[in-house]
There are 2 protein chains.
Amino acid sequence: MKTLHSDPALPRATETEALLRFSALSQETRLRIVRLLVMAGQNGMPAGTIATQLGSSDSRLSFHLSHLEHAGLVHSRREGRSIIYSVVFPALAALSEFLIQDCCRGFEENVNEGCKSESCD
Amino acid sequence: MKTLHSDPALPRATETEALLRFSALSQETRLRIVRLLVMAGQNGMPAGTIATQLGSSDSRLSFHLSHLEHAGLVHSRREGRSIIYSVVFPALAALSEFLIQDCCRGFEENVNEGCKSESCD
DNA sequence: TCAACATTTCTTGAAATATTGAAATATAGC
DNA sequence: GCTATATTTCAATATTTCAAGAAATGTTGA
């Protein structure tokens, strides 16, 4: 079984990246954008559609999308007059890796029993 | 193989919890506290030791520890005159679950190829 | 180039969060 | 009870982040 966080080819986020990404995800609108884009998958979604679905103003949404893009969590491409946003799955994966690796890997001798028995290996 | 994010007994964090926890982790000192406590494992570490190791003032550290505890990411217990802090591994696990589940589970028909081929299953 | 549409940038003010240092609280040992 | 140690709380200040709307920019298709 190949899992999201155990793929050795998938680098864990650095502390700086992790900080930037956690910060980006710690805002309600931005977290919802990410969840919306995850559901939209590789097709992505135009900025205007996202704004409509979340009931946010265009300018506010643009700000949040820039924020997410700067954090490397979403990617944009132009299609006609629309700009299509989509989530960067490897970035989410690396962030998970950052948490999980610290939780369960490399510190096996120290890890608590709850984690060891319920969640690891 | 039993993995951190695929254990059905391990509930995914709610959006509110996720927001609170992402927010807690998006601050340099707090992220370092969590990493330090992960390394300390179940034994945990006294507040004073954490402050010394991170070069932070006692009062500042106390504030950040309260913040992390309120977010459910760390737990405290008294031992003599020290208060020992330790990380709540299931909380980290649930947060990872929150990201990973949204990334790869429940939306298989939409998930992008990069995620599907590199990270899922 | 022009008109229409989509997105971004900028400004302002409000709200949340961080830092510092001093004072307060709690425990252990004498 | 008294003192030393460990940690937390509090008040004042500084910093960061957020929201809203107007104006500016960029793109398409005629």
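Proteins get letters first, then strands, A, B, ... in listed order; numbering begins at 1 in each. When reading the values below, keep in mind they use all heavy atoms of this one structure, side chains included, and skip hydrogens, waters and symmetry mates.
Shown here are the side chain to side chain contact (heavy atoms under 4.5 Å, CB included) partners of A:S59, two or more places apart in sequence or in another chain: A:S57. Looking at residues two or more places apart in sequence or on another chain, you find a side chain to side chain contact (heavy atoms under 4.5 Å, CB included) between A:R77 and A:H75, A:E79, A:I84, A:S86. Listed by chain and number, the residues in a side chain to side chain donor-acceptor pair (under 3.5 Å) with A:Q53 amount to none (sequence neighbours excluded).
Every pair passing ring pair (Phe, Tyr, Trp, His ring centres under 6.0 Å) that includes a residue from residues 14-34 of chain B is listed here, sequence neighbours excluded: A:F22-B:F22. Sorted by first and then second residue, the ring pair (Phe, Tyr, Trp, His ring centres under 6.0 Å) pairs involving residues 24-50 of chain B (not counting sequence neighbours) form an empty list. The salt bridge (charged side-chain N to carboxylate O under 4.0 Å, His left out) analysis of residues 46-62 of chain B, with sequence neighbours excluded, yields no pairs.
Taking the C1' atoms of five terminal pairs at each end of the helix from C:dT1-D:dA30 to C:dC30-D:dG1, the two resulting helix axes are inclined by 40°, rounded to 10°.
The two residues A:F89 and A:V38 come nearest to each other via the heavy atoms CZ-O, 4.2 Å.
How far CZ of B:R35 is from CD of A:E15: 5.5 Å, rounded to the nearest 0.5 Å. Taken to the nearest 0.5 Å, the CG atom of B:L31 stands 9.0 Å off from the OG atom of B:S26.
A:M39 places none of its side-chain heavy atoms less than 4.5 Å from the side chain of A:M45.
Residue B:L20 contributes atom CG, which lies 15 Å from atom P of C:dA16 at whole-angstrom precision. Here D:dA6 presents its P atom at 14 Å from CD1 of B:I50, a figure rounded to the nearest Å. Rounded to an integer number of Å, the gap from CD1 of A:I84 to P of C:dC5 is 18 Å. Rounded to an integer number of Å, the gap from A:D58 CG to C:dT9 P is 14 Å. Here C:dA18 presents its P atom at 12 Å from CG of A:L19, a figure rounded to the nearest Å.
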N/O donor-acceptor pairs under 3.5 Å from side chains in residues 61-74 of chain A, not counting sequence neighbours:
residue : atom : partner : partner atom : Å
A:H64   : ND1  : A:R30   : NH1          : 3.0
A:S66   : OG   : A:S62   : O            : 2.9
A:E69   : OE2  : A:S76   : N            : 3.3
A:E69   : OE2  : A:S76   : OG           : 2.8

Quiz item: How would nucleotides 11-23 of chain D be written as a contact map, 5' to 3', with B for base contact, S for sugar-phosphate-only contact and - for no contact, using protein heavy atoms under 4.0 Å?
Solution: -------SBBBB-

Quiz item: In the 5'-to-3' direction, what one-character label does each nucleotide of nucleotides 24-30 of chain D receive under the scheme B = base within less than 4.0 Å of a protein heavy atom, S = sugar-phosphate only, - = no such atom?
Solution: ---SBS-

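B:S62 comes within contact range of at least one nucleobase, with a heavy-atom separation under 4.0 Å.
At least one side-chain nitrogen or oxygen of A:Y85 sits closer than 4.0 Å to the OP1 or OP2 atom of C:dT8.
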